[in-house]
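Encoded as structure tokens, here's the structure I'll be asking about.
Letters A, B, ... are given to chains in the order of the sequence lines, protein chains preceding strands, and every chain is numbered from 1.
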Amino acid sequence: MAVQGPMLWLSVHPCRGLVDEKIKVLVQHAAPVQRLTVHTLFRSEDGDDWEAFGHYVSDSAGAVDVSEDVCLGGTYSGHEPMGLLWSLRPVPGSRPSLRFRKKDTGTPMLVTISLHQGFLSDSFTERLPLASRVVERWYMAPGVRRVELTEGGVTGTLFLPPGPGQFPAVLDLPGGGRSLPEARAVLLASHGFVTLALNYLNPRRTAGGEYHVGNDYFQTAFSVLQTHPQVIRERIAIVGLSFGASMALGLSVYSPTIKPSCLVSISGSHVQPAGGSLGDIFAEFKKNEKNTRYDEEKRVIWHDLLLPIPSNPSKKVDVGQLCCPLLLIVGEDDQNWPAEESASDMKEMMEMSGNGHLLTVLSYPDTGHLIEPPYSPHCRSSNFINAESREKYPPR
Amino acid sequence: MVLLRPVRDLLQRHWPLRMREMYQFYIMISDDRDTQCSNERHLMFVYPQSGLVDEKFRVEVENLPPACPVTLHCLHRSEDQDHWEAFGHYCSDHSGTVKVSEDESFGGTYSGRECMGLLWSMRPVPGSRRGLRLRKTHVDIPMTLLISVYRGHLTAGFRELPPVASVVAERWYMAPGVKRIAVEERGVVGTFFIPPGPGPFPGVLDMWGGGGGLVEYRSALLASHGFASMALKYIDPGDTPTDMAMGYFETAFQIIQDHPQVITDRVGILGLSFGTSVALTVAAYSQISRPRCCVCISGSHAYPITTPMDLLAEARVRNSEKVWKDEENNVIWRNLILPIPTDPALRVDVGRIECPLLLVNGDDDQNWATTESAEDIANMMSVAGNKHLLTTLTYPKAGHLIEPPFTPHIRASNFIVQHTREKVIMLWGGEPKGHAVAQEDSWKRILNFLKEHLCIQPTLAPQAKL
């Protein structure tokens with residue numbers, strides 16, 4: 001006998017939030033013990049489609065709670081409240097070696113979350129879902145201001161939280177590569193830090209300028225933050241990813257004027273000419289290019305370029321001289337940089353020098369090089385353009 | 001529908017020119033305060049930062065000195081370029097924290113434990129033009145609020161003193177994915193809001209009152225809750241009044257039913273003020289439009305929309321001495337329809353209504369005699385035998401303009417009387433707290449009522465095993 005019951009209801013909360021915020025996806029009033037697929041779809045700024053999906057079974061009341069229930073398969077499985085976002089991957093048939101990156105941080109990612117009947121694994125766009133919702137994922141919180149910086153020859157992007165301040169600040173040094181990823185910097189500003197995402201690999205140059213910036217470039221950048229009226233000058237940190245982390249380590253130890261309150265090094269290494277400039281570091285890497293390896297799909301592995309970790313003190317940053325807390329974030333499956341080996345060596349050096357209490361190491365198994373803000377998709381390999389030679393590398 | 005956050009302009013207006021001098025002033029006065037370390041960072045949170053207009057939020061401040069008197073202040077610049085503000089006086093606890101959702105406000109524009117007081121108690125800043133009403137025209141961009149914390153218990157001077165900290169919050173009428181479609185079809189003018197997804201969805205015909213124009217925000221919010229809702233324009237403030245044709249509303253209703261993403265037999269009507277007159281007339285008399293349910297806010301069954309203009313004109317002349325004014329010269333219309341007419345030509349025969357009916361009224365409504373009308377409606381339906389369809393909600397100390405929650409109470413505002421073109425300030429009634437309670441509670445009840453009668457599907461009853 002047919003009776004009236006409430007209509008199927010799909011809700012996502014919050015419908016607008018920061019990218020590092022969790023979302024709650026709820027299905028209500030489905031049939032009891034019904035097989036369902038929750039599917040997410042995102043179209044990137046480059047026009048590529050990314051998707052993720054999870055298989056669920058509704059309970060006796062016809063409800064599914066993605067934060068609580070177990071996913072039985074899909075692009076992720078198990079109890080994964082945020083699996084629908086971090087397991088996003090290019091749809092089948094996409095261009096190879098895509099990397100997820102948001103260029104315009106002033107606009108949100110628009111993610112469509114749909115509910116399908118049954119356990120589906122493909123052809124989502126060819127079927128009509130039972131229901132859909134759209135969520136906005138923002139890097140920039142309301143009130144954060146973005147300022148393009150060209151002061152004292154330094155180029156980069158400054159992000160300011162709302163309010164009069166004063167605020168603690170972060171000098172953000174991104175990794176190698178052509179464009180300036182601002183995602184982490186704007187997210188830090190959304191959490192109350194004045195952040196300068198520094199362009200040091202591709203800065204605007206005056207005619208006849210040098211190819212690589214000198215250490216004074218970084219010193220100027222640091223003092224731009226120190227002298228900003230909304231910054232607490234004694235509370236400036238440096239956060240670096242990959243190459244940026246290497247720079248951060250070297251500058252913090254050897255620069256007479258750069259004295260950060262703390263350092264965060266993500267997937268970085270201390271192996272570089274001690275006290276050297278950016279140009280010196282590139283020159284050193286070039287010497288080791290023969291150590292480049294390739295995997296079975298001819299993807300470039302630069303992991304061995306800095307190995308073995310030298311015992312000669314002139315070939316690595318003397319982290320024993322560091323005066324501020326250091327957080328090392330390391331992926332144990334990093335194929336790009338020997339971050340794990342470097343972290344062990346740094347730990348040894350600091351313990352021998354007596355400043356080991358300043359060090360915290362976060363080491364993650366099955367994790368690669370690109371440790372980015374949470375709930376963004378993982379990239380095992382992607383296209384890369386060498387900063388020096390401007391050559392486009394085969395994917396890595 | 002993706003837009004950059006329009007905050008730079010907001011902040012430049014409130015922290016205009018000479019920013020460095022202002023910050024130096026701040027540092028100077030903060031150095032004088034022996035209880036404050038100038039490097040201490042006062043953390044302020046609002047969650048969610050980008051919520052729907054009918055969503056509650058949490059506002060918290062941390063890292064204050066303990067037992068520190070502070071003022072939480074909310075500032076909004078409307079689309080008409082007027083400034084609205086609200087503020088509450090708090091005292092931080094032993095850990096230096098203030099939580100608006102848990103702590104008591106000692107005074108300001110609201111008092112007591114009021115987690116949304118910073119929104120519903122907003123009023124125009126001192127010196128503003130008279131008779132303002134806060135209404136959103138562009139529903140695809142949010143209301144932006146600057147929420148700040150100031151040292152001490154302040155009641156004025158918020159623009160001159162720099163706050164200790166600020167955050168920006170957004171309040172949206174439209175959820176992501178809601179589609180906005182302009183309607184100009186078969187002579188009907190309106191805006192259709194369709195929820196995201198394939199549908200089909202239940203539908204709502206949404207009508208505002210005698211002020212006229214095309215008011216979209218409630219429909220946008222209804223679509224954000226899963227209803228395909230059309231905001232209808234049926235009075236043009238620029239036009240001279242003419243006889244209303246029921247056919248216009250029947251066509252509008254049909255347009256909603258005909259939409260491929262709407263469930264044809266799950267369309268309801270929602271009206272406020274004069275929109276109630278439309279809803280009741282259509283529900284009682286239309287042979288074509290059969291609404292599944294009706295919601296009537298701050299309205300009456302007196303003078304159905306089919307009442308000819310000449311009869312209405314006679315009634316106006318007869319009742320002209322019933323238009324009162326209060327001590328501020330604000331116009332009071334509530335007595336115009338009193339006593340409720342007994343002439344069948346001047347009263348909708350609500351005994352003919354065959355769908356569930358929800359009446360929402362404020363008992364301090366100074367514009368229409370809605371509580372008296374509700375009583376008469378109940379009597380008529382009792383006599384006719386359809387009273388089981390009726391639910392009446394009457395809110396104490398609430399006025400006429402019962403709108404979606406957490407928006408300011410408007411006791412009186414500018415109004416153009418259609419048939420005379422006279423500009424008056426109309427008294428709507430109510431007081432802030434009572435009206436805020438009415439808006440919050442009635443919206444929940446309206447959504448539940450619509451869901452109960454429109455969001456239903458056939459399901460199979462569980463089979464018992466013997």
Is there a side-chain contact between B/Y47 and B/E60, using heavy atoms and a 4.5 Å cut-off? no
So which part of B/F45 gets closer than 4.5 Å to some heavy atom of chain A, the side chain, the backbone, both or neither? neither
Counting only non-hydrogen atoms closer than 4.5 Å, does A/L130 touch chain B with its backbone (N, CA, C, O), its side chain (CB onward), both, or neither? backbone
Between the side chains of A/E151 and A/H228, does any donor sit under 3.5 Å from an acceptor? no
Between A/H39 and A/E51, is any pair of side-chain heavy atoms under 4.5 Å apart? yes
Can you list the residues that meet the salt bridge (charged side-chain N to carboxylate O under 4.0 Å, His left out) rule with A/E21, with sequence neighbours excluded? none
Can you tell me which portion of B/E55 sits under 4.5 Å from chain A's heavy atoms? Options are side chain, backbone, both or neither. side chain
Using heavy-atom distances under 4.5 Å, tell me whether B/I263 contacts chain A through its side chain, its backbone, both, or neither. side chain
So, using side chain to side chain donor-acceptor pair (under 3.5 Å) as the criterion, who are the partners of A/S114 when residues are at least two apart? A/S132
Which of B/G197, B/P176, B/P196, B/G51 touches chain A most, by non-hydrogen pairs under 4.5 Å: B/P176
